[in-house]
2 protein chains.
Amino acid sequence: MREDATSDPLETVRDRGQITRRSATWNIVHAMDESAAGSGAQSIHRALTLLNLLGVMARDRPDGVTLADLAHVSGRPKASVHRVLNALVQLGYAERIEPSGRYRLGLQSQILGELAGERTDPLLRLASPSLVRIAELSEDTTFLTVRQGSFSLCARREEGFGEIRNNALAVGDRHPLGVGAGSLAILAALEDAEVEHVIEVNGEIMSRRYPRISADVLRGIVDRTRRDGYALNEGLVAPGSWAVAVIINVPGRGPTAALSVASIEPRLSGARRDELVAVMKKEASVIEASLANQQHDEGAGPVSPRAQAPRRTS
Amino acid sequence: MREDATSDPLETVRDRGQITRRSATWNIVHAMDESAAGSGAQSIHRALTLLNLLGVMARDRPDGVTLADLAHVSGRPKASVHRVLNALVQLGYAERIEPSGRYRLGLQSQILGELAGERTDPLLRLASPSLVRIAELSEDTTFLTVRQGSFSLCARREEGFGEIRNNALAVGDRHPLGVGAGSLAILAALEDAEVEHVIEVNGEIMSRRYPRISADVLRGIVDRTRRDGYALNEGLVAPGSWAVAVIINVPGRGPTAALSVASIEPRLSGARRDELVAVMKKEASVIEASLANQQHDEGAGPVSPRAQAPRRTS
DNA sequence: TATTGCCATTCCATAATACGGACCGCACTT
DNA sequence: AAGTGCGGTCCGTATTATGGAATGGCAATA
């Protein structure tokens, strides 16, 4: 499982420092994880992580992403990325734009989303109004983050209409748990043992991509989050980009989601922060309540624990 | 649901003859392919094909699909499916419904679709009006099929509002090239050498899932399609389900898509069939023309300077 | 209560598979 | 002409996935 993590990243960091693309968001926040690969499925992990990365990178690049970029950002050898990409293209999940040879997501990815969307996750549906309300009220950008193993995934983003825009986080972005306010809120809500497990599992990638956030720093902000009752990210991920987050306790799934608001320090300090947190906590409990109701509606009725779907509509 | 059909452990072939009705769609049409695995990427092939299969199956089964079903339909050992499914769940592409342990597509699949959807394939966008017109005019269900290696993928479906509904094909369904009218139209439009290559590559799966469609039968209907100028499927896939299709020559990508209309024999015979085909051919050239225009528009000028997704939907 | 089947899950020896460093050829720049 | 960065390919190695068989659990059946 060992990879020489320490050899290349330094250079990549240097490159990036010089080029400094404007939409360098994903440059900082995204990376491949091999974590929690439990049983034999590394290649699937890699392939699907790469697929997501492709989607995120291609969003800001209408012409597609080059193989080199993809390899560079994911931190994997070109040959490997190339091989995976070929498979994705063959299956239609990725697409190769012809004259340039760049890549973007393919038709099959879109269709997969449609298949998935036919039955949207209730969490997303029920959280949406809250996101909108918070965004309107705060005039800052608001996010819904969900847990995904030892990572967090930005599932929804709602623009506020204030002067300040924050591009540090977008739908589809994945971070190790603890990186970013929402992610931190989720991490802090876990049992101690599980926190340690996550830190352990993500150790390599954390030191590789976020050397400033050591295990001890992480433990520190987890503790603070627990004391405060909300998570605060003081520009740890992207300098100048602050955020606050509160946990959402999803009925049946535990504390696996978070609401967060991103902005700049002045707008997240003092009284304003407290007010914001209060509003967010209220919305979090609104979401929890409607999820609980929803679940009862579904759970009730003639269906025993093991619902065998007797009807066939078609 | 018709579980009695699946009591048969191995031979899906047999229950096809007996069951085969609408709800069992994927029972007939879906299967795993290992085809065209060119370089090393089998496991990715398997994983992503299974993912799509999960999406298609779960669409008709609100409670999700069991591992056994998935293994049965895909024709792969349970252990293998289980391993892949675990990886998919870990990554959020699949989800495990808890009390029952069944599976459905996960949040990440949905988000992937959103990432892909921000820049919809022009083909789909521009074909949509034609699909609607044909569906209205014919009062039958109309499809857009696209090539995907040695397979075809149903990308769009537009309901007609006639009395007859046809459930033999749905968005996300994949068939070996040649199976179904649209798929056949695409196959017939390929070079001879490539047709043979496809037949070769799909050989195993064809004999396993569609024993009635031998290589020679396939060559026969390809020839007929070329002579007629349109593809006709006389219930070869699902008894009683007929369809006609015409090829779409996508500028820059060649004959990789098809328009098709599915119905029953009486509605696809004689003069009506000819009229329908005429309309479809006209629409196909409309689509080809608008794609060509679109491409010129894109090719020229410095594009709309990276639109930064200003709108938030939802 | 005992039985039977179905289903998910785990194991493990084997062999197939993915891996990635090195290399190639091309297009465009200096 | 030399240099640079790109996408793509090769190929020996050892890591990895594989799937048949065995296990355990849960329900409905006898």
Side-chain angles (χ1 to χ4, degrees), chain A residues 1-5 7-8 11-12 15-16 18-19 32 34 37-50 54 61 63-90 94-104 303-308 310, chain B residues 1 3-10 32 34 37-50 54 63-90 94 96-103:
Chain A
M1 299 279 177
R2 298 290 329 128
E3 285 178 24
D4 55 331
S7 56
D8 78 14
E11 311 179 60
T12 66
D15 286 353
R16 260 187 272 120
Q18 302 191 351
I19 298 176
M32 303 280 277
E34 312 269 295
S39 45
Q42 268 85 324
S43 72
I44 299 178
H45 253 87
R46 282 204 261 267
L48 291 182
T49 311
L50 190 75
L54 172 62
R61 322 198 139 185
D63 314 320
V65 194
T66 66
L67 173 72
D69 266 353
L70 217 34
H72 183 215
V73 174
S74 66
R76 304 197 59 70
K78 268 190 311 185
S80 176
V81 173
H82 182 255
R83 191 167 357 101
V84 172
L85 227 34
N86 265 349
L88 294 177
V89 167
Q90 273 182 8
E95 185 181 356
R96 189 188 162 139
I97 309 171
E98 249 332 314
S100 63
R102 299 181 170 200
Y103 296 89
R104 76 163 85 107
V303 206
S304 44
R306 182 184 266 274
Q308 182 69 333
Chain B
M1 55 189 86
E3 291 304 298
D4 32 51
T6 54
S7 56
D8 220 350
L10 285 181
M32 303 282 277
E34 311 268 294
S39 45
Q42 267 83 324
S43 73
I44 299 178
H45 252 87
R46 283 204 259 269
L48 291 182
T49 311
L50 190 76
L54 173 62
D63 312 318
V65 276
T66 65
L67 182 139
D69 267 354
L70 219 34
H72 182 218
V73 174
S74 66
R76 306 198 57 70
K78 270 189 308 189
S80 175
V81 173
H82 182 255
R83 193 164 356 99
V84 172
L85 228 32
N86 266 349
L88 294 177
V89 168
Q90 271 182 8
R96 189 190 162 125
I97 310 170
E98 249 331 315
S100 63
R102 298 182 171 202
Y103 296 89

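This one's a predicted model, so the numbers in the text were calculated from it and none came from an experiment. Here is how names work: the chains are called A, B, and so on, in the same order as the sequence lines, proteins then strands, and each is numbered from 1.
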Does the side chain of [X] get closer than 4.0 angstrom to OP1 or OP2 of [N] through an N or O atom?
X        : N      : result
B:Arg76  : D:dG19 : yes
A:Tyr103 : D:dG8  : yes
B:Arg46  : D:dA17 : no

- Under 4.0 angstrom, heavy atoms only, what part of the nucleic acid is B:Ala68 near: base, sugar-phosphate, or nothing? sugar-phosphate
- Quick one: label B:Arg96 by what it contacts on the DNA or RNA (base, sugar-phosphate, nothing), any heavy atom closer than 4.0 Å. sugar-phosphate
From [atom1] of [X] over to [atom2] of [N], roughly how many Å is that when rounded to an integer?
X        : N      : atom1 : atom2 : value
B:Leu70  : C:dC7  : CG    : C1'   : 14 Å
A:His82  : D:dT9  : NE2   : P     : 5 Å
A:Arg102 : D:dG5  : CZ    : P     : 16 Å
A:Asn86  : D:dC10 : CG    : P     : 12 Å

- Query: Which listed nucleotide (C:dA18, D:dG19, C:dG21) is nearest to the side chain of B:Ala79?
  - Reply: D:dG19
- Query: Any idea which of D:dT9, C:dT9, D:dG20 is nearest the B:Leu67 side chain?
  - Reply: C:dT9
- Message: Let me spell it out: for each of A:Ser100 and A:Ser43, pick the nucleotide of DNA chain D with the closest heavy atom. Which residue's pick is nearer the 5' end?
- Response: A:Ser100
- Query: Applying the side chain to side chain contact (heavy atoms under 4.5 Å, CB included) test to A:Val65, which of A:Asp69, A:Leu67, A:Asp63 qualifies?
  - Reply: A:Asp69
